[in-house]
Amino acid sequence: MTAHTIDGNALSKQLRTEVAGRAQALKAKGITPGLAVVLVGDNPASQVYVRNKVKACEDSGLHSVLEKYEASLSEADLLARVEALNNDPAIHGILVQLPLPAHIDAQKVIEAISPSKDVDGFHIASAGALMTGMPGFWPCTPYGCMKMLESIGYDLRGKHAVVIGRSNIVGKPMALMLLQKNATVTICHSATPDLKAMTLQADVIVAAVGKRNVLTADMVKPGAVVLDVGMNRNDEGKLCGDVDFDGVKQVAGYITPVPGGVGPMTITMLLVNTLEAAERASK
Ligand code: GUN
């Protein structure tokens, strides 16, 4: 059996067309959805990420501002910028790109963002809203994974989902989203003694560790759905995920590739969250 590939680029294109349509509808009411992206320092990967985010906004008819600061920016000055953006009516979403320089307390900065503009979904208020099923913003990467499952019409009720990784940005919110859809959820991590014993029971596996070949074909139940959140480089410098794609593809029912899988969905869900923030502000 060869797994179906879930194409993150194609799904993103479809969702971004919907975003563009909703943005047009808001514009007709005099509101242009706006995202502020704040970058501190010159981390090369961050520079690429923020450029892609700003471009995605432009392509979908969203207003975006990119604020770039020297790595020497003080925490107090960054907090003051966040406060100004909180009070800016043209801005509906605020994203402070991580990592921040070591002298800045990233959590303090995230908590300074108004929860109504927290389109990254990293604020404690957003985490609490997700945990309790209240309205808020879902972190973009796990939210994108949920959209991928939705796109194949997958009903999670009663299914066993195994999440590998327990980060605040992916693993933990992913588990809560799967739980909300009535899956039985197991979170595995570096202290899990027998990962394979867990993944072999799974109908859905989300790999979000940041290490190559965390999931190999012998660890997957035939027909399982495998979502690969990893972004790594192989020995040849090529982008690869956490999953041994070529091997697992022979066993799984569905699989997401890297690149072209979960990656593009993350930015797409940022656009969706920004639009949602603007729609909420317009009511
Ligand atoms: N750094 C890497 N990914 C992300 C993300 O999704 N949001 C923010 N704010 N920083 C990041």
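Atoms considered below: every heavy atom in the structure, side chains included; atoms not considered: hydrogens, waters and symmetry mates. Each ligand, and each atom within it, is numbered from 1 in the order the structure gives.
Under the 4.5 Å side-chain heavy-atom criterion for ILVMFWY residues, a single connected hydrophobic cluster contains both I113 and V38.
No N or O atom of F122 sits closer than 3.5 Å to an N or O atom of ligand 1. For the pair D120 and ligand 1, the shortest N or O to N or O distance falls below 3.5 Å.
Judged by distance alone, the side chains of N273 and E276 never bring a donor and an acceptor atom under 3.5 Å apart. In summary, the side chains of K172 and N168 do present a donor paired with an acceptor at a separation below 3.5 Å, with no hydrogens or angles considered.
Nearest heavy-atom pair, V248 versus T216, reported as atom, atom and distance to 0.1 Å: CG2-C, 3.6 Å. Here the closest heavy-atom approach between residue L79 and residue V109 is recorded as CD2-CA, 3.9 Å.
Across L98, V96, D105, a single residue satisfies side-chain contact (heavy atoms from CB on, under 4.5 Å) together with I110, and that is L98.
Heavy-atom proximity to V96, at under 4.0 Å, picks out these atoms of ligand 1: 8 (C), 9 (N). In summary, the atoms of ligand 1 found under 4.0 Å from a heavy atom of L95, numbered by their order in the structure, are 9 (N). Set against the non-hydrogen atoms of K53, the atoms of ligand 1 under 4.0 Å away are 5 (C), 7 (N).
Among all non-hydrogen protein atoms, the one lying nearest atom 10 (N) of ligand 1 is L98 N, 3.0 Å. Among protein heavy atoms, atom 2 (C) of ligand 1 sits closest to Q97 NE2, 3.7 Å.
Using a 4.0 Å cutoff on heavy atoms, M269 does not count as a contact of ligand 1.
When heavy-atom distances to ligand 1 are checked against a 4.0 Å cut-off, I169 has no atom that comes that close, whether in backbone or side chain.
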Check the pair R81, D77 against salt bridge (charged side-chain N to carboxylate O under 4.0 Å, His left out), reporting the backbone distance first and the verdict last.
-> CA-CA 6 Å; R81 273 315 301 153; D77 285 349; over 6 Å; no
